[in-house]
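Source: prediction; values computed, not measured. Each ligand, and each atom within it, is numbered from 1 in the order the structure gives.
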Amino acid sequence: MRTRLLSTLAVFAVACAITPAHPLSAQQSADKLKPEDTEVWKPVPPVVTPGDKCDAPPSDAIILFDGKNQDEWVSAQDHAPAQWIVHNGIFTVSKSSGNIETKRHFKNYQLHLEFRIPADITGSGQARGNSGVFLASTGPGDDGYELQVLDNYKNETYVNGMVGSLYKQAIPLANAARKPGEWETYDVIWTAPEFSSDGSLKSPAYATVFFNGVLVENHFELKGQTLYIGKPFYKAYDRAAIKLQAHGDKSEPISFRNIWVREL
Ligand code: MG
């Protein structure tokens with residue numbers, strides 16, 4: 001009987017503990033608040049003048065390619081000056097000179113770039129307009145983090161390797177591909193992974209991607225580098241270049257233009 005009484009008292013005590021003494025007190029205190037109590041005035045976001053078009057670089061952008069030269073780019077292999085072909089305000093993949101990457105290294109950023117797969121593209125599957133934007137190129141021996149470039153206008157492949165995918169990790173939410181020969185846009189928000197001093201992962205990488213203005217990756221949490229073979233894993237790095245892929249297919253090469261980045 002005594003045990004039963006004690007357990008009843010215990011239940012009553014817990015119930016008292018979780019039941020507010022005055023259920024209306026939150027509402028009553030809210031009634032005393034003024035609208036300005038929840039207004040935030042500082043810090044003031046910096047003024048950024050938008051470009052004339054959404055595709056044009058805003059005032060605080062770092063221009064990575066404006067159609068004139070490859071001064072911001074180097075060979076990903078040996079960091080020699082980039083050797084892709086600059087012509088008519090664009091640059092085109094040179095298969096023989098390999099991948100190129102930015103001289104500058106970045107952490108978190110917003111990226112805009114435009115690419116064009118040639119109208120006379122040939123091939124199929126992964127061998128049709130394959131390139132890639134490596135959102136963090138962490139070294140020649142690493143796979144890095146690839147946002148796929150591929151012609152998937154009417155070209156079937158594994159969906160976690162199609163255009164708009166974070167290669168073999170994130171299937172795009174839509175296929176917004178334009179016809180080969182038309183310019184296409186990527187707008188990316190990259191949140192870099194964070195690592196502890198011992199190299200262990202503190203917080204993962206996230207990517208949000210708009211493809212031709214359509215959301216295809218929504219704050220996707222990456223599981224590590226985007227590997228061609230095997231399961232992804234993280235390897236500690238601090239800042240990294242952005243790399244463009246010369247995939248080396250037999251089909252005609254891809255061109256890029258209007259590339260800019262805003263550090264976040
Ligand atoms: Mg690729």
Next on the checklist: Do Q148 and S165 pair up side chain to side chain, a donor and an acceptor below 3.5 Å, judged on atom types alone?
Outcome noted: no

Next on the checklist: Who clusters with I229? Use side-chain heavy atoms, under 4.5 angstrom, across I, L, V, M, F, W and Y, and order the result by chain and number.
Outcome noted: Y158, Y167, Y228

Checklist entry - Mind checking who shares a hydrophobic cluster with L173, ILVMFWY linked at side-chain heavy-atom distances under 4.5 Å? => result F210, L215

Next on the checklist: Return all protein N, O or S atoms below 2.8 Å from the Mg ion (ligand 1), chain by chain in residue order.
Outcome noted: N130 OD1, S131 O, E146 OE2, Q148 OE1, Q245 OE1

Pairs under 3.5 angstrom only: tabulate donor-acceptor contacts from the side chains of residues 188-203 to other protein residues two or more places apart or in another chain.
unit_1	atom_1	unit_2	atom_2	d
D198	OD1	S200	N	2.9
D198	OD1	S200	OG	2.7

Next on the checklist: Would R178 pass as a cation-pi partner of W183, given that its NZ or CZ must be under 6.0 Å from the six-membered ring centre and within 45 degrees of the axis?
Outcome noted: no

Checklist entry - Would a distance-only check, ignoring hydrogens and angles, find a side-chain to backbone donor-acceptor pair under 3.5 Å from T226 to E146? => result yes

